[in-house]
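Every chain is numbered from 1, with letters handed out A, B, ... down the list of sequences.
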2 protein chains.
Amino acid sequence: MAQDNATAEVLEPRDDDAYALDSRTVSAILDAVEAQDSARLQELMEPFHAADIADLLEQVDDDDRRALIALMGDEFDGDILSELAEGVREDVIAALAPQVLSQAVLELESDDVVDLIEDLEEPTQETILEILEASDRVAVEQALSLPEYSAGRLMQREVVMAPEHWSVGEAIDYMRAHDDLPEQFYHIVLVDPRLRPVGQTTLGKIMSSRREVKLADIVEESFRTFRVDEEEGDVAYAFNQYHLISAPVTDGEGRLVGVITIDDAMIVLQEENEEDIRRLAGIGVESLNDRTLTIVRQRFPWLFVNLITAILASLVIAQFEETIGAIVALAVLMPIVASMGGNAGTQSLTVAVRSLATRDLTGSNAIRVLRREIVAGLVNGCVFAILMGIIGFLWFGTPMLGAVIATAMVINLVIAGLAGILIPLTLDKVGVDPALASGVFVTTVTDVMGFFVFLGLAGIFLI
Amino acid sequence: MAQDNATAEVLEPRDDDAYALDSRTVSAILDAVEAQDSARLQELMEPFHAADIADLLEQVDDDDRRALIALMGDEFDGDILSELAEGVREDVIAALAPQVLSQAVLELESDDVVDLIEDLEEPTQETILEILEASDRVAVEQALSLPEYSAGRLMQREVVMAPEHWSVGEAIDYMRAHDDLPEQFYHIVLVDPRLRPVGQTTLGKIMSSRREVKLADIVEESFRTFRVDEEEGDVAYAFNQYHLISAPVTDGEGRLVGVITIDDAMIVLQEENEEDIRRLAGIGVESLNDRTLTIVRQRFPWLFVNLITAILASLVIAQFEETIGAIVALAVLMPIVASMGGNAGTQSLTVAVRSLATRDLTGSNAIRVLRREIVAGLVNGCVFAILMGIIGFLWFGTPMLGAVIATAMVINLVIAGLAGILIPLTLDKVGVDPALASGVFVTTVTDVMGFFVFLGLAGIFLI
């Protein structure tokens, strides 16, 4: 029954999702663990998806995690391992009894095993590879020999394909005769005699076409293939841009070797966003599960770079020690100019970094965007200059001080707009991730220029 | 032919994607427009997906855009409208000849029309609604009456469903007898006699099962439904967390009214990430296509809030004017303490904001995360205290000045860690988006405390 039906009635607010992992459920689970009540534990855990159980294992502390795993026994599902964050994966694997680990790993498809072990340390990798059957082990080792973050690592090797001359009837008969088809598939890939993909058709289309229709006549309009060595970020971008559901992967000779599905692309897209956000804030790939020492080490380099730039700004201030000694009000007001510049610069650079990531900022519109940022800096700069000029005058009673801070404000906001666009564009051109380094450069520019322009003007006009 | 095959050979670097919208292609297209050469234009545009053409229209300036649209004539595809960013959509619709617009709109499915017009201004909405056939118009108007950003707006109304007692054979016969099945579908939804969804089975599973097998026996393990009024953000989260491909949507009585597919969820997920990134940087939903005045207005409030907080920090400094007058070196060094605190605070708050967004930070682990941040602030604080203490001493030759800046550094980095976690957690608790407001609060705290602790200690120990 195909239906086209709708409701616009006002609905009652919804109960809390029964499957949500709320603190009450977590406490109940930990109580069951404490009481060593495995029947109660099983009852509490029953409604949860492997992804939720993985979240639970990430949220509890080390001792509770080990006790929980011990009490779960062989109820521990292989999928939980796949869903775990890297930070706790090693710990969980170490905590599993050998036969539970074996059973969990053997449940997984070979591409899930690749995901599972690619970031593990050597000895843990070995332990898991030894569990696998010989043929699976070879497949996993082959995948691991492909470049990290490549389409090849992302794809699943199980593909349903058909010769390009087949009809709908032939395809249906073929599928019905085979019970080793992949768990999930959405398309049949058409291949030429040399196994090169030439198109694909959806199962839905096959279902609703007559037996004698040629598969080649009902292929999808937007068809794209990826090479095994293509960057996973580019693959995810294409899935998002072209609304792909699944796409074939080819080797160096253009032969079909696997297929990537949208759920894997979605994970990559999410990871890339996460990376951008974290890099903009000067943090690495850290997660809540990292040990304190790990996050100390991860954050140190960025704080260190920031220290250098802060000292640079201080050196600029030091050039005006005499001026400040004469008018202490300058010391009071100077952070305002620097801070406004830093904020305006961060706004511009975030727009630039994201537009580069989504490929909206290109050679074709860079000049126009830059012009827009300069004008925006000028307009907002003038508004804040007037505001701050008045405040400066009222606060310290010196009209000239108001004029100096107003002028410095306009100049620094224009510089912020310029630096916020030019710095990410330049970094991108020279092959450095603009999300990673733009922030430091932009705020250095706005700090240094903010102090220099404000104190410099003060030195000229107020002394 | 199901195959399991791989290649690990080293591949030649790949040619640039022939479909990419590079600046050379954009120039060639603009040349063709200038020359009014519509044959050449068609040839150049032929390989492009509607999403790419939309990108092109976004990147060129207003005059070029109008000229391009005019030259495209009735080659203008309806999908291009759906792919356009909001900023230029109105302009493009206004530039289209009436018969081209009609044809483009009539090509779209009703849920695409909803996406297309929901953010347009009233008169443009009217123009498009009038083009639609009566039945489509009703469907679109019904959808528009549902809350914005709800599952109901996201779903498509075309669903393939079957009674729960049907067998594989019955389902196949039904599908083969109907040629009005949706363009894309991946599941058959099983419903009870009151049209409530009870499970779903994939087309792949149906294809590979015998005719007499009951659909109910081959349903997917992870099955989730959404209510029409559920937030689209929650829907996207569930798709990502549970790796869903499509899921039924129900009305207030639990009846099936539509289905959401992963590609729509992926778009929402992407939008939510984008929003988080932009809010962290204090910018709104602006895009590269907004007019200068729009971005000036969008950025102003955040800069204004920043001005207030900067003035707050200045008021703190003003309390120590005498101290600074006595030792001008304090004015030189004080921005370093504030800046390091601001950076460390931003690192902590970004981790907290993202962990809240991905639901990794919960009541169960908040205390542990907080403790970790305090220790991390303490450790990095001590390292930078020693560094900065030495620099301060060498620079100004006063050991006590080194000691004061070192102490202030430790204290401010610990405060940064605390504020970076507690502020987002509190905002989240009271229902404010932590991405939106955390940054301002955290840097205010680190600025104010940085200046206060440093100058206060200096006033006590150096005067």
What part of [X] gets within 4.5 angstrom of chain A, counting heavy atoms only: side chain, backbone, both, or neither?
| X | value |
| --- | --- |
| Leu349(B) | neither |
| Glu322(B) | neither |
| Asp55(B) | side chain |
| Arg372(B) | both |
| Asp447(B) | neither |
| Phe320(B) | neither |
| Leu203(B) | both |
| Arg371(B) | neither |
| Ser222(B) | side chain |
| Ser209(B) | backbone |

Looking at [options], which one has more heavy-atom pairs under 4.5 Å with chain B than the rest?
| options | result |
| --- | --- |
| Gln347(A), Arg210(A), Glu83(A) | Gln347(A) |
| Ala338(A), Ala331(A), Ser135(A), Ser27(A) | Ala331(A) |
| Asp290(A), Asp263(A), Ile317(A), Ile262(A) | Ile262(A) |
| Leu387(A), Ile245(A), Leu293(A), Ile172(A) | Ile245(A) |
| Ser314(A), Ala50(A), Ala265(A) | Ser314(A) |
| Met334(A), Met175(A), Arg278(A), Gln270(A) | Gln270(A) |

Looking only at atom types and distance, does a side-chain atom of [X] sit under 3.5 Å from a main-chain N or O of [Y], one as donor and one as acceptor?
| X | Y | value |
| --- | --- | --- |
| Glu58(A) | Asp360(B) | no |
| Glu158(B) | Leu181(B) | no |
| Gln59(A) | Leu56(A) | no |

Which atoms of Arg176(A) come close to chain B, meaning under 4.5 Å heavy atom to heavy atom: side chain ones, backbone ones, both, or neither?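 Both the backbone and the side chain of Arg176(A) come within 4.5 Å of chain B.
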For Val383(A), is it the side chain, the backbone, both or neither that has a heavy atom under 4.5 Å from a heavy atom of chain B? side chain
Please report the closest heavy-atom contact between [X] and [Y], naming both atoms and the distance.
| X | Y | result |
| --- | --- | --- |
| Phe185(A) | Gly204(B) | CE2-CA, 3.6 Å |
| Ala344(B) | Leu413(B) | CB-CD2, 3.6 Å |
| Met161(B) | Tyr174(B) | O-CE2, 4.4 Å |

Begin with the C-alpha distance, continue with both residues' side-chain angles, and end with the deciding distance and a verdict on side chain to side chain contact (heavy atoms under 4.5 Å, CB included) for Gln241(B) and Asp52(A). CA-CA 8 Å; Gln241(B) 170 87 346; Asp52(A) 295 318; 3.1 Å; yes
Restricting to ring-ring contact (aromatic ring centres under 6.0 Å, His included), what partner residues turn up for Phe384(B), sequence neighbours left out? Phe300(A)
Distance-only polar pair, side chains of Gln184(B) and His243(A), donor-acceptor under 3.5 Å: no
Pairs of heavy atoms under 4.5 Å with chain A: top-ranked of [options]:
| options | result |
| --- | --- |
| Thr350(B), Asn365(B), Asn273(B), Ile283(B) | Asn273(B) |
| Ile311(B), Thr261(B), Val138(B), Leu30(B) | Ile311(B) |
| Ile324(B), Val375(B), Val351(B) | Val351(B) |
| Thr346(B), Thr443(B), Leu315(B) | Leu315(B) |
| Val369(B), Leu303(B), Val379(B) | Leu303(B) |
| Ala376(B), Ala85(B), Ala313(B) | Ala376(B) |

Answer yes when Glu373(B) and Arg299(A) have at least one side-chain N-carboxylate O distance shorter than 4.0 Å, and no when they do not.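 Yes.
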Does the pair Arg359(A)/Asp234(A) count as a salt bridge with the N-to-O cut at 4.0 Å?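 Here Arg359(A) pairs with Asp234(A) in a salt bridge, since their nearest N and O are under 4.0 Å apart.
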Checking Leu146(A) against Asp229(A) for the side chain to side chain contact (heavy atoms under 4.5 Å, CB included) test, could you report, in this order, the C-alpha distance in whole Å, the side-chain angles of both residues, the deciding distance, and whether it holds? CA-CA 7 Å; Leu146(A) 287 169; Asp229(A) 59 341; over 6 Å; no
Roughly how far, to the nearest 0.5 Å, is CG of Asn380(B) from OG1 of Thr292(A)?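 Reported to 0.5 Å precision, the distance equals 11.5 Å.
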For Arg368(A), I'd like to know if atom CZ has over 12 heavy atoms of other residues, nucleotides or ligands within 6.0 Å.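 Buried by this count: over 12 neighbours within 6.0 Å.
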